[in-house]
Number of protein chains: 2
Amino acid sequence: MENPREKTPARWEGMPSWLLGQTAGHAHRLVGEGFSAVGARGYHYRLLATLEDSGPASQATLGRCSGIHLSDMVATVNDLADGGLVERAPDPADRRRNIVSLTPAGRRQLRRLDRRLAECQDELLAPLSPEERQQFTDLLSKLLVHHNRGTDAPEERWS
Amino acid sequence: MENPREKTPARWEGMPSWLLGQTAGHAHRLVGEGFSAVGARGYHYRLLATLEDSGPASQATLGRCSGIHLSDMVATVNDLADGGLVERAPDPADRRRNIVSLTPAGRRQLRRLDRRLAECQDELLAPLSPEERQQFTDLLSKLLVHHNRGTDAPEERWS
DNA sequence: TGACTAACGTTTGCTCCACGAACGTTAGCA
DNA sequence: TGCTAACGTTCGTGGAGCAAACGTTAGTCA
């Protein structure tokens, strides 16, 4: 993700935002490699996991639960349906909707991906002690909660 | 960067790789907004900063110093040259090279971007105490050093 | 009943960042 | 004199995230 550097350490390399981006890049690469070794990608995992957690649902609902944009949801469901990991059936009660559900093969794939993902977390945090790992996730959570104020699900006033 | 979530907290939301990616997304957004408010982007800042730190240089050298791919360097120099922030002059000693150098306007723009960037760091780390900020960057650095082994600049055996 | 509104699924396209392949030009070396 | 390698440039790829538009379908209200 990065080219060979000549000697001078660039001035931005100490910035938290840069460290964060670089480290996230490594994490993304690790997870991506782990997933693609089983023929999947991030969206696939998120959709499969959401399906197992929430049960069959329409694409729009799945998008809201998984944070996958509707535009991307279409392709994701297509991919998984092509592989027989997921089924797309018209909702008899509402012909606008497609009900997407997990197949046994999809559930097995999800098991594999869960395992891979756990391995990747370990590889990602390899240089940290258990205490440091806890600190790290705590700090990240704190930041994330802060920056998700008002952006995540601002509407609790529905009617 | 994220859609409204329905109630169920997804199973991947506690994973360090996810927290990292989300937080990095926020950081990226913050910095991107800060930069674009002054009509710049990440590559622009990196090139300007590299020019101030290393002095005028060929595009290839700048690419190596800043981690910007040569392909993207072309467009970046074009952008900045169009705005008069940078000058591209043929190297009289080597007609393959373009010597890129910073103009006074470019230096002023760099000042602005430096200021913006510092503000963004502060906004990013807002919920953390000074000690926590130090912990955070230390942990990130540790992870980054670890994952950059062998990828960053493996060649010290140049002749 | 009819009309309006809103949700759904889909397609298309855009942004940013990061790479790879190819090609013409130019230096440097044997 | 050639060969090799570096340089700059163009074109194209990819993932992740998002926005706009459009046809279809449901629900609601006059």
Side-chain angles (χ1 to χ4, degrees), chain A residues 1-4 12 17-18 20-22 24-33 35-36 40-47 57-79 81 88-100 151 158-159, chain B residues 1-4 17-18 20-22 24-36 39-47 57-64 66-79 81 88-100 151 158-159:
Chain A
M1 157 199 8
E2 204 57 348
N3 287 346
W12 60 78
S17 63
W18 177 262
L20 204 41
Q22 292 300 296
H26 281 293
H28 186 263
R29 186 180 43 74
L30 282 173
V31 173
E33 286 170 4
F35 281 174
S36 75
R41 279 175 303 128
Y43 279 180
H44 298 164
Y45 174 74
R46 275 158 70 180
L47 181 48
S58 75
Q59 298 184 188
T61 302
L62 290 170
R64 280 186 289 267
C65 289
S66 65
I68 299 177
H69 203 96
L70 278 210
S71 324
D72 307 315
M73 179 61 72
V74 177
T76 306
V77 174
N78 285 342
D79 288 350
R88 192 200 252 123
D91 184 344
D94 184 340
R95 273 182 302 178
R96 292 173 303 179
R97 287 182 165 89
N98 290 332
I99 296 295
V100 181
T151 320
W158 46 314
S159 127
Chain B
M1 158 202 9
E2 203 58 345
N3 287 345
S17 62
W18 177 261
L20 203 40
Q22 291 300 295
H26 281 293
H28 187 262
R29 185 180 42 74
L30 282 174
V31 173
E33 287 169 3
F35 281 174
S36 75
R41 278 172 304 127
Y43 279 179
H44 297 163
Y45 174 74
R46 276 159 69 180
L47 181 48
S58 74
Q59 298 184 188
T61 302
L62 290 170
R64 281 186 289 267
S66 66
I68 299 176
H69 201 96
L70 279 212
S71 325
D72 307 316
M73 181 59 72
V74 177
T76 306
V77 174
N78 285 342
D79 287 349
R88 192 200 252 122
D91 185 345
D94 185 341
R95 275 182 299 179
R96 291 173 304 180
R97 287 182 165 89
N98 290 331
I99 297 295
V100 180
T151 320
W158 46 314
S159 128

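The sequence lines fix the lettering, A, B, ..., with proteins before strands; numbering per chain opens at 1.
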- Counting N and O atoms only, with roles assigned by atom type, does the side chain of A:Arg46 sit under 3.5 Å from a partner on the main chain of A:Gly67, one being a donor and the other an acceptor? yes
- Task: Map A:Asn78 and A:Arg97 onto DNA chain C by nearest heavy atom, then report which one ends up closer to the 5' terminus.
- Result: A:Arg97
- Message: For C:dG20, does the base pair up with any side-chain atom of B:His69 as donor and acceptor (N or O, under 3.5 Å, distance only)?
- Response: yes
- Between B:Arg95 and A:Ala60, name the one whose nearest nucleotide on DNA chain C is closer to the 5' end. A:Ala60
- Can you tell me how far P of C:dA18 sits from NE2 of B:His44, to the nearest Å? 13 Å
- Item | Distance test, side-chain N/O of A:Arg41 to OP1/OP2 of D:dA16, below 4.0 Å | yes
- Are any of the side-chain heavy atoms of B:Arg41 and B:Thr76 separated by less than 4.5 Å? no
- B:Ser71 near the nucleic acid: base, sugar-phosphate alone, or nothing, with a heavy-atom cut-off under 4.0 Å? base
- Query: What's the CG-P distance between B:Leu70 and D:dA5, to the nearest Å?
  - Reply: 17 Å
- Query: For B:Gly32, which contact category applies under a 4.0 Å heavy-atom criterion: base, sugar-phosphate, or nothing?
  - Reply: nothing
- Task: Rounded to the nearest angstrom, tell me the gap between atom NE2 in A:His28 and atom C1' in D:dG17.
- Result: 11 Å
- Message: Please report the distance, rounded to the nearest Å, between CG in B:Asp72 and P in D:dC7.
- Response: 17 Å
- A:Asp94 CG to C:dG9 C1', straight-line distance once rounded to whole Å: 11 Å
- In whole Å, what is the span from the CG atom of A:Asn98 to the C1' atom of D:dG23? 14 Å
- Ignoring backbone atoms, establish whether A:Arg29 has a side-chain N or O less than 4.0 Å from OP1 or OP2 of D:dG14. no
- Note on the structure: Of the candidates D:dT9, C:dT10, C:dA27, the side chain of B:Val74 sits closest to D:dT9
- Message: Contact between A:Ser58 and A:Arg96 at the side-chain level, heavy atoms closer than 4.5 Å - yes or no?
- Response: no
- Would you say A:Met73 and A:Leu47 make side-chain contact, with heavy atoms under 4.5 Å? yes
- Task: Can you tell me the distance, in whole Å, between the OH atom of B:Tyr45 and the P atom of C:dC16?
- Result: 19 Å
- Atom-to-atom span, CD1 of A:Ile68 to P of C:dG9 - whole angstrom: 13 Å
- Task: Could you tell me whether the phosphate oxygens of C:dT10, OP1 or OP2, come under 4.0 Å of any side-chain nitrogen or oxygen in A:Arg96?
- Result: no
- Query: Looking at side-chain heavy atoms only, is the closest gap between B:Ser66 and A:Trp12 below 4.5 Å?
  - Reply: yes
- Query: At under 4.0 Å, does any side-chain N or O of A:Gln59 touch on OP1 or OP2 of C:dT10?
  - Reply: yes
- Message: Check this one for me: any side-chain N or O of A:Tyr43 less than 4.0 Å away from OP1 or OP2 of D:dG15?
- Response: no
